[in-house]
Asks: 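Please read through the structure below; I'll follow up with questions.
Within every chain, numbering begins at 1; the chains are lettered A, B, ... in the order of the sequence lines, protein sequences first and strands thereafter.
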2 protein chains.
Amino acid sequence: MTQFPKEAKNKVVRGAKRATYDKETIYEILDAGFLCHISFVMNGEPFMIPTAYARSGDKIYIHGSVKSRAIKQTKAGAPICFCVTHLDGLVLARSAFHHSVNYRSAIIYGHANELVVDAGKNEALHLITENFLKGRWNEVRQPNQKELDITSVLEISIESASAKIRTGSPVDDEEDYALDIWAGTLPVETRYAAPVDDTKLRPGIATSPSAKLAWEESKE
Amino acid sequence: MTQFPKEAKNKVVRGAKRATYDKETIYEILDAGFLCHISFVMNGEPFMIPTAYARSGDKIYIHGSVKSRAIKQTKAGAPICFCVTHLDGLVLARSAFHHSVNYRSAIIYGHANELVVDAGKNEALHLITENFLKGRWNEVRQPNQKELDITSVLEISIESASAKIRTGSPVDDEEDYALDIWAGTLPVETRYAAPVDDTKLRPGIATSPSAKLAWEESKE
């Protein structure tokens with residue numbers, strides 16, 4: 001199956017022509033980021049947190065303190081809505097009404113299972129760290145038993161999903177193209193600046209290859 | 001009152017030392033962005049959308065199609081959780097466990113009222129457009145009656161809120177400072193690139209001052 005089934009829950013109501021249910025496209029959007037927003041329900045009301053994640057196959061991994069409210073609630077089986085949004089530009093039309101943004105967003109619906117075996121937790125933390133900064137895991141001290149014990153790691157099964165993508169120029173009403181108004185896009189670029197040494201870095205330690213590479217790649 | 005009261009709903013459980021309930025700080029975080037995530041509950045399950053917003057006083061304004069599921073659900077009085085997150089950098093510690101991000105995030109809890117008077121709707125759309133790109137409103141064709149009629153504008157009253165901010169170097173375990181591992185931060189910069197003309201722009205129309213200024217300011 002290369003598409004997520006279009007059901008009441010994930011069906012895009014507005015802007016349906018910008019919607020996709022294609023797995024590959026949705027995974028590309030997820031893999032292009034490391035920071036998501038997760039929402040869950042508690043006492044009938046919505047709550048949300050930003051957090052780091054990684055994807056592997058049809059699973060998404062997140063982690064947090066065993067004491068976290070979001071972790072406690074979602075590991076108990078509460079349904080989860082998970083969103084990743086990349087802002088690519090401002091879309092500046094001739095009318096206020098047709099202003100928009102160029103973006104890629106994916107919305108995932110699912111439930112979480114807590115990983116309880118240390119090896120599985122460690123592997124998920126490996127994935128999250130590598131998705132955060134490629135190459136970092138092998139540069140640093142890996143989790144010890146105490147750290148694993150105070151960290152909850154959740155595996156979210158992607159049960160349903162959709163994505164929306166907008167690219168390109170504004171779309172104006174036909175009669176507005178005659179107006180003397182500039183229209184176009186203002187692209188948004190997200191980049192890394194040069195790595196900054198920890199104020200407590202011991203002398204003689206060079207910047208890690210992971211940080212150097214990410215910075216250099218983001219200049220291109 | 002310069003603080004939001006700390007109650008069960010908005011009390012930050014984890015990372016409490018990075019939390020604030022200070023109104024001015026929370027408003028600064030809101031005013032530094034224009035794209036939020038909003039979550040709401042439908043049939044007991046969480047839903048979320050990314051959308052544009054603007055703040056004025058203790059109110060937040062959002063808009064959408066009258067046909068939008070999120071608009072329909074939230075204008076009917078469903079409680080809303082609203083989040084704005086600014087990513088400022090990767091925090092690269094000596095241990096995988098102490099990796100983090102530098103960020104500013106604000107979480108708002110409230111309910112929405114639909115604005116039904118055209119003048120009020122128009123003023124909120126003015127605020128949203130100006131928060132999106134300062135100076136743009138007066139450059140473009142403003143909403144006509146048909147456009148106002150098919151747009152819902154919601155005013156969210158901020159009933160409860162909190163913010164979390166992390167800045168600076170990683171914080172490692174005391175014994176890890178002796179390790180031969182580079183640690184530091186990788187700052188994240190979000191900038192505008194040069195404005196791109198609409199492919200259908202009529203000849204002889206110069207880039208709008210709003211887009212030019214935003215681009216120039218983001219180079220600094």
Asks: Nearest 0.5 Å, please: how far is OG in Ser100(B) from CZ in Phe132(A)?
Replies: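 It comes to 7.0 Å.
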
Asks: Any chance you could measure Asp197(A), atom CG, to Trp182(B), atom CH2, to the nearest 0.5 Å?
Replies: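 If I round to the nearest 0.5 Å, the distance is 6.5 Å.
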
Asks: In terms of heavy-atom proximity below 4.5 Å to chain A, should Asp176(B) be classed as side chain, backbone, both, or neither?
Replies: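 For Asp176(B), the side chain is the part near chain A, not the backbone.
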
Asks: May I ask you to test the Ile128(A)-His99(B) pair for a side-chain heavy-atom distance under 4.5 Å?
Replies: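 SC-SC contact between Ile128(A) and His99(B) ruled out.
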
Asks: Give, as side chain, backbone, both or neither, the part of Ala93(B) having an atom under 4.5 angstrom from any heavy atom of chain A.
Replies: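 Backbone only.
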
Asks: Can you tell which part of Ala194(B) gets under 4.5 Å to a heavy atom of chain A, answering side chain, backbone, both or neither?
Replies: backbone

Asks: Rounded at 0.5 Å granularity, tell me how far CZ in Arg69(B) sits from NZ in Lys11(A).
Replies: 9.5 Å

Asks: Taking side chain as everything from C-beta outward and backbone as N, CA, C, O, which of these in Glu139(B) sits under 4.5 Å from a heavy atom of chain A? Side chain, backbone, both or neither.
Replies: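 When you check distances to chain A, only backbone atoms of Glu139(B) fall under 4.5 Å.
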
Asks: In Å and rounded to the nearest 0.5 Å, what is the NE2 to CD distance from His98(B) to Glu147(A)?
Replies: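 Going from the NE2 atom of His98(B) to the CD atom of Glu147(A) covers 6.0 Å.
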
Asks: Near Lys219(B) NZ, under 6.0 Å, is it more than 12 heavy atoms from other residues, nucleotides or ligands?
Replies: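 It does: Lys219(B) NZ has more than 12 such atoms within range.
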
Asks: Given the options Asp172(B), Ile49(B), Leu87(B), Leu35(B), which has more heavy-atom pairs under 4.5 Å with chain A than any of the others?
Replies: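 That would be Leu87(B).
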
Asks: Given the options Leu125(B), Thr207(B), Ile107(B), Thr85(B), which has more heavy-atom pairs under 4.5 Å with chain A than any of the others?
Replies: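 Greatest number of close heavy-atom pairs with chain A: Thr207(B).
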
Asks: Under 4.5 Å heavy-atom distance to chain A, tell me which part of Leu148(B) shows up: side chain, backbone, both or neither.
Replies: neither

Asks: Can you tell me which portion of Ser162(B) sits under 4.5 Å from chain A's heavy atoms? Options are side chain, backbone, both or neither.
Replies: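 For Ser162(B), no heavy atom lies under 4.5 Å from chain A.
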
Asks: Can you list the residues that meet the side-chain contact (heavy atoms from CB on, under 4.5 Å) rule with Lys72(A), with sequence neighbours excluded?
Replies: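 Lys72(A) satisfies side-chain contact (heavy atoms from CB on, under 4.5 Å) with no other residue.
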
Asks: Using 0.5 Å steps for rounding, measure from the CG atom of Asp198(A) to the CD1 atom of Ile181(B).
Replies: 12.0 Å

Asks: If you count heavy-atom pairs within less than 4.5 Å of chain A, which of Pro79(B), Ala214(B), Ala78(B), Ser210(B) leads?
Replies: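 Greatest number of close heavy-atom pairs with chain A: Pro79(B).
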
Asks: At a heavy-atom separation under 4.5 Å, does Tyr177(B) approach chain A through its side chain, its backbone, both, or neither?
Replies: both

Asks: Can you tell me which portion of Lys212(B) sits under 4.5 Å from chain A's heavy atoms? Options are side chain, backbone, both or neither.
Replies: neither

Asks: Go through the atoms of Ser39(B) and report whether side chain, backbone, both or neither lie under 4.5 Å from a heavy atom of chain A.
Replies: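 It is both, since atoms from each part get that close.
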
Asks: Using non-hydrogen atoms and a 4.5 Å limit, figure out which bit of His37(B) sits close to chain A: side chain, backbone, both or neither.
Replies: both

Asks: Is Ala52(B) close to chain A through its backbone or its side chain, or both, or neither, when contacts mean heavy atoms under 4.5 Å?
Replies: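 Interface part for Ala52(B): neither.
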
Asks: To the nearest 0.5 Å, how far apart are OH in Tyr109(A) and CE in Met48(B)?
Replies: 8.5 Å

Asks: Relative to chain B, which of Leu201(A), Leu133(A), Thr129(A) shows the most heavy atom pairs under 4.5 Å?
Replies: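 So the answer, after comparing Leu201(A), Leu133(A), Thr129(A), is Leu201(A).
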
Asks: Among Thr199(B), Thr190(B), Leu90(B), Val188(B), who wins on heavy-atom pairs under 4.5 Å with chain A?
Replies: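 Option with the top pair count is Leu90(B).
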
Asks: Give the member of Leu186(B), Ile205(B), Leu92(B) that has the highest number of heavy-atom pairs under 4.5 Å with chain A.
Replies: Leu186(B)

Asks: Select one option (side chain, backbone, both, neither) describing which atoms of Tyr103(B) are under 4.5 Å from chain A's heavy atoms.
Replies: neither

Asks: Check this for me: does any side-chain nitrogen of one of Asp173(B) and Arg141(A) sit under 4.0 Å from a carboxylate oxygen of the other?
Replies: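 So Asp173(B) pairs with Arg141(A) through a salt bridge.
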
